[in-house]
Amino acid sequence: MKIEIQNATKIIKDAVVLDDISLTFESGKIYGFRGKNGSGKTMLMRAIAGLITLTNGKILIDGKQLGKDFSFPESIGVLIENPSFIDSYSGYRNLKALADIKHLIGEEDIRNVISAVGLNPDDKKKYGKYSLGMKQRLGIAAAIMEKPDIILLDEPINALDEKGVEDIRKLLLDLRNGNRIIIVACHDREELNLLSDEIIELADGKVV
């Protein structure tokens, strides 16, 4: 699989938030986005996910144009900004509700991914009572549970303790070996160095 971003520009109320960005991403790699708040990391992820329309430029996935040939990537998992689930459901029940949309995975797969991110699939605690770290783990589980071809994670290690960071790093490295494109935005240079095959620095909507 290949994602090609060609001269991507996004202007919102006269502010240029993406400025003529051209990048190529290939399967089997983890790409790190690094930059300050407002650098364009999250907006570029939104564009790849089909959640925004570019002002100029285009995004091709295996040669087909996003927003023209299809509205959203066919196989994608996304965690952008803060995860959000149904407060009155347990972690398992929330993921089961999502999995029931496409029926790509079963109950055992859901239990396995919950365990893999360091949560207990049998925990009856409601999502509304979760700590920030638990919410983050569940958000990552939701993004990766169907083993999509494209995985976009915006600051996935936020609110995680050292063990959590190690768990997620191992998970992503294992998923990379499944020939996926994984893009991770992170402020932590050291963590990106450990995780990424390639780091892309962004500032003021440009690749620097």
From [X] atom [atom1] to [Y] atom [atom2], the distance as rounded to the nearest 0.5 Å:
X      : Y      : atom1 : atom2 : value
Leu153 : Ile182 : CG    : CD1   : 7.5 Å
Leu172 : Ile144 : CG    : CD1   : 6.5 Å
Arg34  : Glu191 : CZ    : CD    : 13.0 Å
Ile86  : Leu98  : CD1   : CG    : 8.0 Å

Counting N and O atoms only, with roles assigned by atom type, does the side chain of [X] sit under 3.5 Å from a partner on the main chain of [Y], one being a donor and the other an acceptor?
X      : Y      : result
Arg180 : Leu175 : yes
Lys96  : Ile110 : no
Gln136 : Pro156 : yes

Partner set under salt bridge (Lys or Arg N to Asp or Glu O under 4.0 Å) for [X], not counting sequence neighbours:
X      : result
Asp174 : Lys170
Glu81  : Arg46
Lys163 : Asp167

Inset, instruction - With sequence neighbours left out, write down each residue that passes side-chain hydrogen bond (donor to acceptor under 3.5 Å, both in side chains) with Asp20, or none if nothing qualifies. - result: Asn7
Legend entry - Pair Asp62-Lys2, side-chain contact (heavy atoms from CB on, under 4.5 Å): steps then yes or no: CA-CA 5 Å; Asp62 286 340; Lys2 181 184 286 188; 4.2 Å; yes
Inset, instruction - Grab the two heavy atoms, one from Ala47 and one from Leu66, that are nearest each other, plus how far apart they are. - result: O-CD2, 3.2 Å
Inset, instruction - Could you name each residue pair satisfying side-chain hydrogen bond (donor to acceptor under 3.5 Å, both in side chains) that touches residues 145-161, not counting sequence neighbours? - result: Thr42-Asp154, Arg137-Asp161, Glu155-His187
Legend entry - Residue pairs fulfilling side-chain hydrogen bond (donor to acceptor under 3.5 Å, both in side chains) with at least one residue in residues 118-132, sequence neighbours excluded: Arg111-Asp122
Legend entry - Verdict with reasoning, Ile157 to Cys186, per side-chain contact (heavy atoms from CB on, under 4.5 Å): CA-CA 8 Å; Ile157 64 172; Cys186 186; 3.9 Å; yes
